[in-house]
Amino acid sequence: MRSTFLVSGLIASALAAEPFLNEPDTGLEVYLSGTNWTEGSQPLLKDMRGIPDFDFAARQKLDNPKYSFYRTASAGEWSYRNNLDIWSKVKFRARFLTDVTKVNETLTTTILGYNFSSPVFIAPAARAGYGDEKGEVNFVEASGKENTLYVAALYASKTIEEIAAAKVNNTPNGQQVIFQQFYTNANLSVTWDAISRAEKTGAKALVWTIDAPADSTRHRAARYDTTNANSVTSALTWDLYDQIKNRTSLPIIPKGISTLEDAQEAVRRGVKAIYISNHGGRQLDHSPSPLEIAYEIYRNDPEIFTKVEVLADSGVRYGSDVLKLLALGVKAVGMGRSFMYANCYGVEGVQKAIQIMKTEIAHDAAQVGIHDVQNIPVSLLNARALEQTVYLAGN
Ligand SMILES: Cc1cc2nc3c(=O)[nH]c(=O)nc-3n(C[C@H](O)[C@H](O)[C@H](O)COP(=O)(O)O)c2cc1C
Ligand SMILES: *[C@@H]1O[C@H](CO)[C@@H](O)[C@H](O)[C@H]1NC(C)=O
Ligand SMILES: *[C@@H]1O[C@H](CO)[C@@H](O)[C@H](O)[C@H]1NC(C)=O
Ligand SMILES: *[C@@H]1O[C@H](CO)[C@@H](O)[C@H](O)[C@H]1NC(C)=O
Ligand SMILES: *[C@@H]1O[C@H](CO)[C@@H](O)[C@H](O)[C@H]1NC(C)=O
Ligand SMILES: *[C@@H]1O[C@H](CO)[C@@H](O)[C@H](O)[C@H]1NC(C)=O
């Protein structure tokens, strides 16, 4: 009996899906166990080799309420896991014997006409003060040193003015470029005030978060009552977009686009850029990952990628993830949690996370035979797995 049980148990486990790993095992803990590191203390920054390492490190430093606020996603967190898993379904079609020796010089890009050293930016995320007392100032300083884009969150630990005061003046754009994220408040005078403060402090674009029309279901954070930062949101409509447009001359980038139709509507309304996202899986469980959203747009209306600039985030952890989005036409890619975790090491941690992404993009581009990161052919991807589930208009 016992052996029968064992055998059927083995068959069952062989058939079961592999367990989800928040941080794939690349030997961090084994390595640390051979050093003087002790559980519950932060490893040395030099031992952070990949972006997922920062998640492990943040868990050592932050208490459960704070870590859970950063880490939480919606409901069963299926979207959160899909955001991380989806990349493995789309394989690379590497072309060899092409000269890729200068690919590291092609990471520089523009976003709405501003020059940046990398297509990776810091996505807007509330409460950076949990990770380090300097909060968002670390994001400004690290982005300034690396000349990358920072999108500041409205519900930041520092004020709009404190964040702006940390900007440097010696970038390829002159003064450092920051975009300002905002939620529209049910009391619109609060919103108009936030927009005018962002304008006065020199923000170059407004990122309007449209995927938070109500509180979201976040069990992991609800345990500690750190669920939401955005429970006072207004009725979100395209009419409101028109009203905002009347109030400001800054470009307004809708963040949270997750369908072809909303992308098309945004283009009709005259936006200069759209921002594909499922909010890191924090709003609606079973919302699609950015790779699936970008693919839906690519398959139905690929010209959208040339009519407007397309930004994207959610689940990006590796240089190769960035290349997959760029191959579909995405212009720049944001990361949320990873920079919040990196901020537990202060400005050096944030800077190292930016550098890791730059290095990985250059390395991976070379590995797949891309000599220009700004011109990646879609044939880089075998997207048959996405083709099986993609929404096609008219079908
Ligand atoms: C702790 C935290 C706070 C966030 N706060 C905001 C916010 O205030 N406004 C917003 O538009 N998005 C917010 N986001 C979503 C991020 O902008 C981004 O879409 C998401 O983190 C991307 O997924 P990733 O964490 O897997 O990179 C937040 C994300 C996190 C992790
Ligand atoms: C652990 O060792 C490193 C050098 O490898 C040293 O810099 C660090 O201070 C040590 N930490 C502790 C807690 O002893
Ligand atoms: C690209 O790599 C080469 C060779 O490793 C190096 O000399 C050069 O400085 C790098 N350029 C950039 C922009 O990083
Ligand atoms: C970006 O760089 C180009 C080329 O160096 C330059 O002509 C342009 O003025 C820069 N853009 C901004 C906004 O500074
Ligand atoms: C809306 O916000 C403004 C500015 O903060 C405030 O003066 C006003 O009392 C608020 N109105 C309501 C109805 O809460
Ligand atoms: C925008 O401003 C124009 C001109 O002042 C006005 O006619 C229009 O009704 C306004 N639209 C909205 C949605 O506020």
Side-chain angles (χ1 to χ4, degrees), residues 24 26 49-52 83-123 146-149 172 273-277 289-299 302-335 338 352-387 390:
T26 57
R49 302 293 174 179
I51 294 298
N83 285 347
L84 300 180
D85 279 344
I86 191 76
W87 311 105
S88 67
K89 303 210 167 74
V90 172
K91 303 285 195 290
F92 285 116
R93 303 182 62 252
R95 301 299 304 277
F96 296 114
L97 303 182
T98 60
D99 181 358
V100 293
T101 50
K102 291 202 165 66
V103 70
N104 67 342
E105 282 158 22
T106 69
L107 259 56
T108 55
T109 193
T110 60
I111 305 173
L112 294 183
Y114 300 104
N115 296 309
F116 297 104
S117 67
S118 156
V120 172
F121 63 90
I122 301 182
E146 292 292 327
N147 189 37
T148 51
L149 174 64
I274 59 172
Y275 191 150
I276 291 173
S277 172
S289 67
L291 192 63
E292 292 165 299
I293 301 165
Y295 193 70
E296 176 174 311
I297 296 171
Y298 167 77
R299 280 291 276 110
E303 286 183 1
I304 284 183
F305 291 104
T306 51
K307 286 181 182 157
V308 296
E309 293 190 357
V310 179
L311 314 182
D313 74 23
S314 297
V316 173
R317 300 289 184 274
Y318 302 94
S320 60
D321 303 342
V322 175
L323 295 178
K324 287 173 184 173
L325 289 170
L326 263 46
L328 292 172
V330 169
K331 185 90 170 142
V333 173
M335 304 200 321
S338 307
K352 179 154 184 190
I354 295 171
Q355 288 166 353
I356 285 174
M357 290 305 291
K358 286 182 184 174
T359 305
E360 287 193 8
I361 292 169
H363 285 174
D364 294 338
Q367 295 294 334
V368 293
I370 297 299
H371 60 88
D372 180 0
V373 172
Q374 304 310 318
N375 284 294
I376 304 181
V378 73
S379 61
L380 178 74
L381 308 178
N382 178 346
R384 286 289 289 277
L386 300 183
E387 192 62 27
V390 70

Practice item. Return the set of residues passing side-chain hydrogen bond (donor to acceptor under 3.5 Å, both in side chains) with Glu292 (not counting sequence neighbours), or none when no residue passes. Key: Asn82, Ser289
Point to revise | Nearest-0.5 Å distance, CE of residue Met357 to CG of residue Asp364 | key: 9.0 Å
Check your understanding: Within the side chain of Lys324, is there an N or O that forms a donor-acceptor pair under 3.5 Å with the backbone of Leu291?
Key -> no
Exercise for review: Please step through side-chain contact (heavy atoms from CB on, under 4.5 Å) for the pair Val120 and Ile354, ending with a clear verdict.
Suggested key: CA-CA 8 Å; Val120 172; Ile354 295 171; over 6 Å; no
**Study point:** Test applied, side chain to side chain donor-acceptor pair (under 3.5 Å); reference residue, Gln374; option that passes from Thr110, Thr106, Thr109
**Key:** Thr109
**Study point:** Ile297/Ile276 under side-chain contact (heavy atoms from CB on, under 4.5 Å): CA gap, chis, key distance, verdict
**Key:** CA-CA 10 Å; Ile297 296 171; Ile276 291 173; 3.9 Å; yes
Exercise for review: Show your reasoning for whether side-chain contact (heavy atoms from CB on, under 4.5 Å) applies to Ile370 and Val100.
Suggested key: CA-CA 6 Å; Ile370 297 299; Val100 293; 5.7 Å; no
Exercise for review: I would like to know whether Ile111 and Phe116 meet side-chain contact (heavy atoms from CB on, under 4.5 Å); could you show each step before the answer?
Suggested key: CA-CA 7 Å; Ile111 305 173; Phe116 297 104; 3.9 Å; yes
Practice item. Might you point out which heavy atoms bring Ile51 and Ala353 nearest each other, and give the distance in Å? Key: CD1-O, 3.7 Å
Exercise for review: Any chance you could measure Leu107, atom CG, to Asp372, atom CG, to the nearest 0.5 Å?
Suggested key: 10.0 Å
Review point. Is there side-chain contact between Ile86 and Leu386, with heavy atoms separated by less than 4.5 Å?
Key: yes
Point to revise | From CG (Leu325) to CD1 (Ile376), nearest 0.5 Å | key: 10.0 Å
Review point. Are any non-hydrogen side-chain atoms of Pro119 and Ile361 less than 4.5 angstrom apart?
Key: yes
Check your understanding: With a 4.5 Å limit on heavy-atom distance, are the side chains of Val308 and Ile304 in contact?
Key -> yes
Point to revise | Main-chain N/O of Ser379 paired to Arg93 side chain as donor or acceptor, under 3.5 Å | key: yes
Exercise for review: Locate the shortest heavy-atom distance separating Tyr298 from Val378; write the atom from each residue and the value.
Suggested key: OH-CG1, 3.3 Å
Check your understanding: Looking at side-chain heavy atoms only, is the closest gap between Lys331 and Val310 below 4.5 Å?
Key -> no
Check your understanding: Who are the salt bridge (charged side-chain N to carboxylate O under 4.0 Å, His left out) partners of Glu146, not counting sequence neighbours?
Key -> Lys358
Check your understanding: Could you state the interatomic distance from CG (Leu328) to CD1 (Ile293), rounded to the nearest 0.5 Å?
Key -> 12.0 Å
Revision key, fill the gap. Taken in chain and number order and not counting sequence neighbours, the residues that satisfy salt bridge (charged side-chain N to carboxylate O under 4.0 Å, His left out) with Arg299 are Glu387
Exercise for review: Can you see which heavy atom on Lys91 is nearest to which on Ser88, and at what distance?
Suggested key: NZ-O, 2.7 Å
Check: residues 311-320 side-chain donor-acceptor pairs under 3.5 Å, at least two apart:
from   : atom 1 : to     : atom 2 : distance (Å)
Asp313 : OD1    : Ser277 : OG     : 2.6
Asp313 : OD2    : Tyr275 : OH     : 2.6
Ser314 : OG     : Ser277 : OG     : 3.4
Ser314 : OG     : Asn278 : N      : 3.2
Ser314 : OG     : Asn278 : OD1    : 3.0
Ser314 : OG     : His279 : N      : 3.4
Ser314 : OG     : Gly280 : N      : 2.9

**Study point:** Non-hydrogen side-chain atoms of Thr148 and Ser117 separated by less than 4.5 Å
**Key:** yes
Study note, to complete from the structure: Closest non-hydrogen atoms of Pro290 and Asn83, given as atom of the first, atom of the second and distance, are CD-OD1, 4.1 Å
**Study point:** All salt bridge (charged side-chain N to carboxylate O under 4.0 Å, His left out) counterparts of Glu105, not counting sequence neighbours
**Key:** none
Revision key, fill the gap. Residue set satisfying side-chain contact (heavy atoms from CB on, under 4.5 Å) with Pro172, at least two apart, ordered chain then number -> Asn115, Asn147
